[in-house]
2 protein chains.
Amino acid sequence: MSQPNLDRRLEHLTTTAKEAGVKLTHQRLEIFREIVLSAEHPDAETIFRAVQKRVPTVSLDTVYRTLWKLHDLGLVTTLGPQRDRVRFDANLDPHHHYICVQCGLVRDFESSELDGLRLPEAVSQLGTIMNAHVEVRGLCSRCQQRLPTQTPNSNQQSQSVP
Amino acid sequence: MSQPNLDRRLEHLTTTAKEAGVKLTHQRLEIFREIVLSAEHPDAETIFRAVQKRVPTVSLDTVYRTLWKLHDLGLVTTLGPQRDRVRFDANLDPHHHYICVQCGLVRDFESSELDGLRLPEAVSQLGTIMNAHVEVRGLCSRCQQRLPTQTPNSNQQSQSVP
DNA sequence: TCCTACTTGCGTATGATACGCAACAAGGAA
DNA sequence: TTCCTTGTTGCGTATCATACGCAAGTAGGA
Ligand SMILES: [Mn+2]
Ligand SMILES: [Mn+2]
Ligand SMILES: [Zn+2]
Ligand SMILES: [Zn+2]
């Protein structure tokens, strides 16, 4: 995350919050900054633990409420690659995801070719199109080393990999 | 779901189960059939209620255990479009998803152009690639009628729409 | 038909997320 | 800067999806 990018997103937060009559509290700033600065697409619990270091009094509940508020404001998106925790993304630029089915690692990747993909007619008849992106699933290199041989999908659990 | 397609998938289930030393119980057959026959990508609870009509003694727990077993066998895939319930898909052919951010409706769509998309170099350096598909998000036509004006993402809750 | 490993149903546990309420603070007005 | 109003927070607790242990049950090969 480059400095100008961070600044741009923080400014977008400020603008959007003001327009919506939403107050910019210390905890909200820190929670948003945490998502922006992380490439991990963290879940609520992970964000909570990180923010807690700088704001020792935050509650997990505030993290949840803030995340869904940011989501409602269109400032973060969610992704649910597998069971349990929902994970959040503050990268609003067009991009795509690589997801490890073993450990839950999520990484952005860019591709102008993929950004411009043409969707078939049938799709627009289902409803409006707000966003389209590619989701790639596989075993991340770290997980390949850890578990050389194994059945297809067994023992999948998500976890944030810092 | 066409008859030959159903047959093909049931046969795949039989073969795979035998190979894995997994027993083909009545409840497993019905649970699998339910996912295959539905276009809704149902969640565990929805599958449970449907199967219960034919097998009144099934337990919700058996549905959960069966779903993850089918998943481990590679017979169904999961998708988590938003908060709460994980949803299951028995369509193993290459295809893509349209997801309504309002009601959670999920619909398959096909596109040979999208099936063959080329991923950038960077992706293969993250790990192996098991699957790649396009995920489109928007407001389904039914939800557009229901809620003419509203803030971007407010009030999102998933639900199976039969 | 018999055996036995794999399954099931049930009761209960776990873990993520949500809600009600009173204390609190952001930020516009004066 | 001080004062108000209104949106926010932290906490305790509620909910709800999903998982687990165990004893009874059954698929399916011998
Ligand atoms: Mn992302
Ligand atoms: Mn599908
Ligand atoms: Zn991994
Ligand atoms: Zn909808």
Side-chain angles (χ1 to χ4, degrees), chain A residues 13-32 42-49 51-52 54-73 78-88 104 151 154-160, chain B residues 13-32 42-49 51-52 54-73 78-88 104 151 154-160:
Chain A
L13 168 65
T14 310
T15 310
T16 309
K18 185 165 297 182
E19 273 178 12
V22 157
K23 290 177 181 171
L24 269 191
T25 64
H26 186 201
Q27 25 280 80
R28 282 182 178 167
L29 247 327
E30 290 301 332
I31 290 168
F32 184 67
D43 59 41
E45 182 74 34
T46 304
I47 294 166
F48 170 62
R49 282 198 296 268
V51 170
Q52 212 173 22
R54 276 165 283 146
V55 190
T57 62
V58 270
S59 70
L60 177 57
D61 192 44
T62 292
V63 172
Y64 274 109
R65 278 188 288 213
T66 299
L67 290 172
W68 292 116
K69 172 133 320 206
L70 293 172
H71 177 252
D72 290 349
L73 292 173
T78 61
L79 60 163
Q82 57 231 49
R83 46 223 287 191
D84 59 28
R85 10 262 266 229
V86 176
R87 294 169 65 168
F88 297 85
T151 46
S154 66
N155 192 241
Q156 274 180 232
Q157 282 298 316
S158 78
Q159 64 178 89
S160 287
Chain B
L13 168 65
T14 309
T15 310
T16 310
K18 185 163 296 182
E19 272 177 13
V22 156
K23 290 179 181 171
L24 268 191
T25 64
H26 186 201
Q27 25 282 77
R28 282 182 179 168
L29 247 329
E30 291 301 332
I31 290 169
F32 184 68
D43 59 40
E45 182 75 34
T46 303
I47 295 166
F48 171 61
R49 282 197 296 269
V51 170
Q52 212 173 24
R54 275 165 285 144
V55 190
T57 62
V58 268
S59 70
L60 176 58
D61 193 44
T62 293
V63 172
Y64 274 109
R65 278 188 289 216
T66 299
L67 290 172
W68 292 116
K69 173 132 324 208
L70 292 172
H71 178 251
D72 290 349
L73 292 172
T78 62
L79 60 165
Q82 57 232 49
R83 46 224 287 193
D84 58 29
R85 8 260 266 231
V86 176
R87 293 169 66 168
F88 297 85
T151 47
S154 66
N155 192 243
Q156 273 180 235
Q157 282 298 317
S158 78
Q159 65 179 88
S160 286

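In the text below, chain A, chain B and the rest are named by the order of the sequence lines, each starting its count at 1.
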Is any side-chain nitrogen or oxygen of [X] closer than 4.0 Å to OP1 or OP2 of [N]?
X       : N      : answer
B/Arg28 : C/dT8  : yes
B/Thr57 : C/dG9  : yes
A/Thr62 : D/dG10 : yes
B/Thr25 : C/dT8  : yes
B/Trp68 : D/dT18 : no
A/Lys23 : C/dC24 : no
A/Thr66 : D/dT8  : no

B/His26 vs B/Val55 side-chain heavy atoms within contact, under 4.5 Å: yes
[X] side chain, from C-beta outward: closest of [options]:
X       : options                : result
B/Ala44 : C/dT17, D/dT18, C/dT7  : D/dT18
A/Val86 : C/dT17, D/dG10, D/dG28 : C/dT17
B/Gln27 : D/dT8, D/dT18, C/dT8   : C/dT8

First encountered from the 5' end of DNA chain C, between A/Asp61 and A/Glu45: A/Glu45
Exam field: side chain A/Arg87 to backbone A/Gly104, donor-acceptor pair closer than 3.5 Å: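 Flag set: sc A/Arg87 to bb A/Gly104 pair under 3.5 Å.
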Pair of N/O donor and acceptor under 3.5 Å linking D/dG7 base with A/Arg65 side chain: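 No pair found.
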